[in-house]
Amino acid sequence: MTVVTRFAPSPTGFLHIGGVRTALFSWLYARRHGGRFLLRIEDTDRERSTEAAVQAIFEGLEWLGLVADAPPVFQTRRMARYREVIERMLAEGTAYRCYCTKEELDALRAAQMARKEKPRYDGRWRPEPGKTLPPPPPGVAPVVRFKNPAAGRLVVHDLIKGAIEFDNAELDDLIIARADGTPTYNFCVVVDDMDMGITHVIRGDDHVNNTPRQINILRALGAQPPAYAHVPMILGADGVKLSKRHGAVSAIEYRALGFMPEALLNYLVRLGWSHGDEEIFSRERMIELFDLSEVHKSPARFDMDKAVWVNHQYLKTADPAIVAPELDWHLRRIGVDPGQGPPLAAVILAQRERCKTLVEMAEKSAFFYVEPKAYHDKDAAKHLTADAAPLLEALSARLAALPQWTAPALHEAVNALAAERGVGLNKVAQPVRVALAGQAISPPIDQTLALLGRERTLARLAAAVKFVQNRQN
RNA sequence: GCUCCUAUCGUCUAGAGGCCUAGGACGGAGCCCUCUCAAGGCUUAAACCCGGGUUCGAAUCCCGGUAGGAGCGCCA
């Protein structure tokens, strides 16, 4: 049997990071078993679903590389099919019409709560042998309810949580079609999973309580229920359900925060899953090792510090050709055109040890492409001093005459100057840093010079000398 | 209230009855290295929710508490 998994978000907002993790698990499981991963847009809630949200889902999944193996299924385009199945169930007696009004139902619920019972439909329109139903009241459009088995137990063999038992008596007759004829969530899910040939439903564990109902509907339809795996949700740092007030919850926000897609995936896969002491997993390695049976049953908290650490591991080791497009995106985002200046790959190699995120890398690398707006106050005060000016001038003259503009030659030139003047290397390097980068932070000075190029270097050294002189007057 | 789920350092986790004096990672503290910022190396503090049982032996199995979470919609 070929494994078929699916990710089924509802387009009512952004692509939630918790959703990304279940999508990742579904994707990995399919890949691991040579199966197929499908995408389904659950847009039956016309009120809240938006086209923008659909686009956000596509965009997020594409950035992360969690691509489906077939075009997405939209539930709103399957209404005819749902109606057909409802008619069939009505005809077969596994569903029935219920003429209760919302007001009646609200009153029922309130009464049950007052009696400290679990609120549930009392079955007043449920047909039973020997039971006489009241005549349908005029003017009430009926809903359709599923006729759930009244007795017996049902056990869900969850691939993550193990056996979970439910009493059918606990499950009431849920509505599968509204008064206006449109189908409801639990019903659509069942029909879609059946029609799409889903073999493994991997979803958030807020759905465990829906599972026995869905299995019962599937059985009523004569279909073989898929295997289920309910993954625990992701909590914020404070242990409360991850929400907007925790900062970034939308997957795409992590791009803006400076994450590499592979790093985000790596961090996410380690939340609730592990393989011994390994921390870093390439896509291939995840696919090779991932297994639902090793997914934790308990929820995990999102730890931004660790996520950033993982990101740094990727920046440090990834092929610069992979990082370059992302850095390009971030530089342009802050108004820097990396077209004129050193190749991005070379800058990445020089910067990646000291940058944990692409935001940081872009900020620290902008000076290779544009003039620093101003000197960092404290750094200028400390390093662009009267003592430093002559050193900058001397270095400038030396560099202007340097035959080879290469890191080793530049290294030699700077060292020689410091030695001749009898000062430590830092006495030269630090003022040069501020002159070139605007602040006392940059890659090793020889690399910085090599990347910046002769023309820009000489111009900025001259400007720094002028800056010192102006301040003295 | 009812149903269902969960429980190892601050956080993510290893742990399948003796290998546990509970291991790793992030973060913290300290030291070393060093032209800045980093990176790196070394050292260190830090946890089995509680109570019963089973067993020669329990973080691991069972029961009961406690705490947290999810669900109980003509939402998905």
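Every chain is numbered from 1 and lettered A, B, ... according to where its sequence line falls, protein lines coming before strand lines. This structure is a prediction, so every number in the text was calculated from the model and none was measured.
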When we call it a touch if two heavy atoms are under 4.0 Å apart, what does [X] touch: a base, just sugar-phosphate, or nothing?
X	value
A:Thr182	nothing
A:His296	sugar-phosphate
A:Gly239	nothing
A:Asn210	base
A:Ala300	sugar-phosphate
A:Glu170	sugar-phosphate
A:Cys98	nothing

* Asked: Should the pair A:Arg77 and A:Phe74 be classed as cation-pi, given the thresholds of under 6.0 Å to the six-membered ring centre and 45° from the axis?
  -> yes
* Asked: Does A:Tyr121 have A:Arg145 sitting over its ring (NZ/CZ under 6.0 Å from centre, angle to axis within 45°)?
  ->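 Yes - A:Arg145 lies over the ring of A:Tyr121, closer than 6.0 Å to its centre and within 45° of its axis.
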* Just wondering, more than 12 heavy atoms not from A:Lys427 lying within 6.0 Å of its NZ? -> no
* Neighbour count above 12 (heavy atom, 6.0 Å) for A:Glu47 CD -> no
* Asked: Taking atom CD of A:Glu262 and atom CG of A:Leu315, what is their separation to the nearest 0.5 Å?
  ->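 If we round to the nearest 0.5 Å, A:Glu262:CD and A:Leu315:CG are 10.0 Å apart.
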* **A:Met233 CE to A:Thr22 OG1 distance, which is reported to the nearest 0.5 Å** =>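 Interatomic distance, A:Met233 CE to A:Thr22 OG1, rounded to 0.5 Å: 13.0 Å.
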* With respect to the side chain of A:Asp305, which nucleotide from B:G27, B:A76, B:U11 is positioned closest? ->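 Looking only at heavy atoms from C-beta outward on A:Asp305, the closest nucleotide is B:G27.
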* Out of B:U13, B:G1, B:C74, which nucleotide sits closest to the side chain of A:Met113? ->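 My answer, after comparing the listed nucleotides, is B:G1.
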Taking the [atom1] atom in each of [N] and [M], what is the distance between them to the nearest angstrom?
N	M	atom1	value
B:C62	B:G17	P	12 Å
B:G40	B:C5	C1'	44 Å
B:G18	B:G57	P	14 Å
B:C42	B:U6	P	39 Å
B:A70	B:C32	P	49 Å
B:C74	B:U11	C1'	43 Å
B:U66	B:G28	P	38 Å
B:A45	B:C31	C1'	15 Å

* Asked: What orientation do A:Phe302 and A:Tyr267 show, parallel under 30°, tilted 30 to 60°, or perpendicular over 60°?
  ->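 Correct class here is perpendicular.
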* Asked: Using 30° and 60° as the class limits, which term best fits the ring planes of A:Tyr254 and A:Phe259: parallel, tilted or perpendicular?
  ->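 Perpendicular.
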* Asked: What pairs meet the salt bridge (Lys or Arg N to Asp or Glu O under 4.0 Å) rule with one or both residues in residues 148-158 of chain A, with sequence neighbours excluded?
  -> A:Arg153-A:Glu165, A:Arg153-A:Asp167
* Please, which pairs that meet salt bridge (Lys or Arg N to Asp or Glu O under 4.0 Å) have at least one residue in residues 357-381 of chain A, sequence neighbours excluded? -> A:Glu360-A:Lys364, A:Glu371-A:Arg460
* Would a distance-only check, ignoring hydrogens and angles, find a side-chain to backbone donor-acceptor pair under 3.5 Å from A:Asp43 to A:Thr76? -> yes
* To do: Determine yes or no for a side-chain-to-main-chain donor-acceptor pair under 3.5 angstrom, with A:Asp205 supplying the side chain and A:His230 the backbone.
  => no
Give the B/S/- string for [range], one per nucleotide from 5' to 3', where a protein heavy atom under 4.0 Å of the base yields B, of only the sugar-phosphate yields S, and otherwise -.
range	result
nucleotides 61-67 of chain B	-------
nucleotides 33-50 of chain B	--BBBSSS----------
nucleotides 15-24 of chain B	--------BB

* To do: Answer whether the closest heavy-atom distance between the side chains of A:Lys356 and A:Trp309 falls below 4.5 Å.
  => no
* Should A:Arg109 be listed as having a side-chain N or O under 4.0 Å from OP1 or OP2 of B:G73? ->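 Checking A:Arg109 against B:G73: at least one side-chain N or O falls below 4.0 Å of OP1 or OP2.
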* Report yes if at least one side-chain N or O of A:Thr44 is closer than 4.0 Å to OP1 or OP2 of B:A76; otherwise report no. =>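 Result: yes.
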* Could you tell me whether A:Trp125 and A:Tyr96 have their ring centroids closer than 6.0 angstrom? => no
* Donor + acceptor pair across side chains of A:Thr448, A:Ser442 (<3.5 Å) -> yes
Close N or O pairs between protein and nucleotides 4-6 of chain B (under 3.5 Å):
| unit_1 | atom_1 | unit_2 | atom_2 | d |
| --- | --- | --- | --- | --- |
| B:C5 | O2' | A:Lys161 | NZ | 3.0 |

